Amino acid sequence: MRHPVRPLSHHAEVRAMTDITSRPPLLEVRDLAVEFADADSVVHAVNGVSYTLREGETLGIVGESGSGKSVHVLAMLRLIPMPPGRLAGGQVLFEGRDLLTLSDPELRKIRGGSIGFVFQDPMSSLNPSMTVGRQIMEPLMLHLGMGAEAARKRAIELMDMVRLPDAARRIDQYPHEFSGGQRQRIMIAIGLSCRPKLLIADEATTALDVTVQADVIELVKELKREIGMAVIWITHDLGVVAGIADTVQVMYAGRVMERGPVDDVFRDPRSAYTLGLLRSLPDLTAPAGQRRRLTQIDGAPPDMRFPPPGDPFAPRNRYATPRCLTERPPLEQAPGAAPGHLAAAWYDLPSVLAAEALS
Ligand SMILES: Nc1ncnc2c1ncn2[C@@H]1O[C@H](COP(=O)(O)OP(=O)(O)O)[C@@H](O)[C@H]1O
Ligand SMILES: [Mg+2]
């Protein structure tokens, strides 16, 4: 994962991206905005997020804690309690229908059916008073119309698939009888159970140990190949994104700062924020003696009760220009980058870095 200043010249990647952009859109998020209000303040958590996810595409979403990753997907599925939350605008078209205005019964048919989801914090997502088997079977019966016997058989297969040992016996146990990592795998089994067109995973494997995490990622890739499932994979692990995603989207202060084909963005970042994230990682692909020293991003994200008027990263960005502080940059095709590689930046990062390297 290196990112010297170098234009994209790898035809294979250009081809792969062309491939994805020619597929039909599955999910179109348009100008989504979400706020949380209490008696004396409003937190602007998500501030006009727009993107298109195509059939079979895997989108990795990264960004520091508090950047609006979770809130924006929860809002799409209408899982934000309102109040204190409120939709400040936007549309979320799934196969052309706006999830934000569907009736509750219509939304329930989609949620857990053609959209599977796995969130962090499994304890809050599993029902403690119902066996895990019942919880895996429920969506199969509800969305796929399976009978109890078929659903039970499928639930055991799903538990096997996420490497839960001794599934035939443990299916009748309750959530508290499983470890945290096992409960998370149960959630993943539920998320994948109906072979969704879209899987949304929010830090789904963060709590799992490395081998189980690798197993789950392999499983998701298999399902992608098998059923052409699209995936939104939210993580703070850029290594996981490099391994699983076609497209990466970098979020900060409730906005998309950069987005594009994952190899292109990681090799040739155009937002100083993306560069900061990449520089805070060990470069495991470099020979041991040549690994860069890690640098944390200085400073803290803005207080979203008072969103900054310009580029939200400007106060932490040593490359910021005066304009960055006052005027918000649009998310646009980055000049000279791969098609579909977009960035929101007034400065030209490749030239700034080249000038820095010379001085
Ligand atoms: N229930 C809530 N009440 C008030 N603010 C919230 C609530 N949930 C999230 N937020 C705020 O929304 C912003 C985005 O949070 P979140 O989407 O969870 O970040 P991420 O998932 O990127 O770490 C943060 O500033 C967070 O404090
Ligand atoms: Mg989150």
Side-chain angles (χ1 to χ4, degrees), residues 27 29 31-51 53 59-90 92 99-100 115-125 180 183-184 187-188 191 199-208 213 231-238 240-241 244-245 247-259 271 273-274 276-278 280-281 296-297 299-309 311-313 315-316 331 344:
L27 180 79
V29 183
D31 230 12
L32 184 64
V34 186
E35 303 169 347
F36 293 95
D38 66 22
D40 45 31
S41 71
V42 175
V43 175
H44 300 266
V46 176
N47 298 293
V49 166
S50 299
Y51 60 90
L53 180 77
L59 171 66
I61 301 185
V62 298
E64 285 166 299
S65 176
S67 53
K69 305 182 300 294
S70 298
V71 167
H72 104 277
V73 288
L74 288 167
M76 285 194 224
L77 297 171
R78 305 212 325 238
L79 292 171
I80 302 258
M82 302 192 177
R86 99 186 153 211
L87 270 175
V92 178
L99 299 180
L100 302 183
I115 302 181
F117 53 90
V118 187
F119 295 133
Q120 54 206 140
D121 189 11
M123 228 15 199
S124 67
S125 315
R183 285 197 297 266
Q184 190 63 1
M187 291 306 301
I188 292 165
L199 175 73
I200 300 178
D202 186 357
E203 303 284 2
T205 58
T206 304
L208 304 180
Q213 174 164 328
V231 178
I232 296 178
W233 194 273
I234 298 177
T235 176
H236 55 255
D237 189 334
L238 297 192
V240 170
V241 169
I244 199 177
T247 309
V248 63
Q249 177 163 304
V250 180
M251 288 184 62
Y252 186 74
R255 297 180 180 280
V256 180
M257 303 296 279
E258 182 158 14
R259 172 191 168 82
S271 160
Y273 181 60
T274 310
L277 291 178
L278 289 166
S280 66
L281 280 180
Q296 288 303 318
I297 306 177
D303 178 344
M304 293 313 289
R305 289 174 303 165
F306 311 104
D311 175 340
F313 188 61
R316 299 170 77 184
L331 183 68

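Along the sequence shown, residues are numbered consecutively beginning with 1. Everything quoted here is computed from the prediction, not taken from an experiment. Each ligand, and each atom within it, is numbered from 1 in the order the structure gives.
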Rounding to 0.5 Å, atoms CG (L100) and CG (L32) come to a distance of 6.5 Å
Does atom 26 (C) of ligand 1 have any protein heavy atom closer than 4.0 Å?
no
Below the 3.5 angstrom mark, is there an N/O of S70, backbone or side chain, next to an N/O of ligand 1?
yes
Examine V71 against ligand 1 and note whether any of their N/O atoms are separated by less than 3.5 Å.
yes
For ligand 1, which atoms, with element, lie under 4.0 Å from some heavy atom of S65?
23 (O)
Quick check on contacts: which atoms of ligand 1 are under 4.0 angstrom from a heavy atom of S67?
19 (O), 20 (P), 22 (O)
Pick from G63, G66, P302, G68: the one approaching atom 23 (O) of ligand 1 most closely through a non-hydrogen atom:
G66
Less than 4.0 Å between atom 12 (O) of ligand 1 and some protein heavy atom, yes or no?
yes
Does any non-hydrogen side-chain atom of L59 lie less than 4.5 Å from one of V248?
no
Run the salt-bridge test on R316 and E64 with the 4.0 Å N-O cut-off and return the result as yes or no.
yes
Is there a side-chain contact between R255 and S67 in this structure, where contact means two heavy atoms from C-beta onward sitting under 4.5 Å apart?
no
A side-chain contact here means heavy atoms from C-beta on lying under 4.5 Å apart; do D202 and S70 qualify?
yes
What residue and heavy atom of the protein are closest to atom 10 (N) of ligand 1, and at what distance?
F36 CE1, 3.5 Å
Stepwise side chain to side chain donor-acceptor pair (under 3.5 Å) test for T274 and E258:
CA-CA 7 Å; T274 310; E258 182 158 14; 2.7 Å; yes
Would you say that R259 contacts Y51 through its side chain, given a criterion of any heavy-atom pair below 4.5 Å between the two side chains?
yes
Please work out whether any backbone atom (N, CA, C, O) or any side-chain heavy atom from C-beta onward of K69 is under 4.0 Å from ligand 1, and answer side chain, backbone, both or neither.
both
For ligand 1, which atoms have a heavy atom of A45 less than 4.0 angstrom away?
12 (O), 13 (C)
Would you say S70 reaches the Mg ion (ligand 2) with an N/O/S atom under 2.8 Å?
yes
Are side-chain heavy atoms of V73 and I234 found at a separation under 4.5 Å?
yes
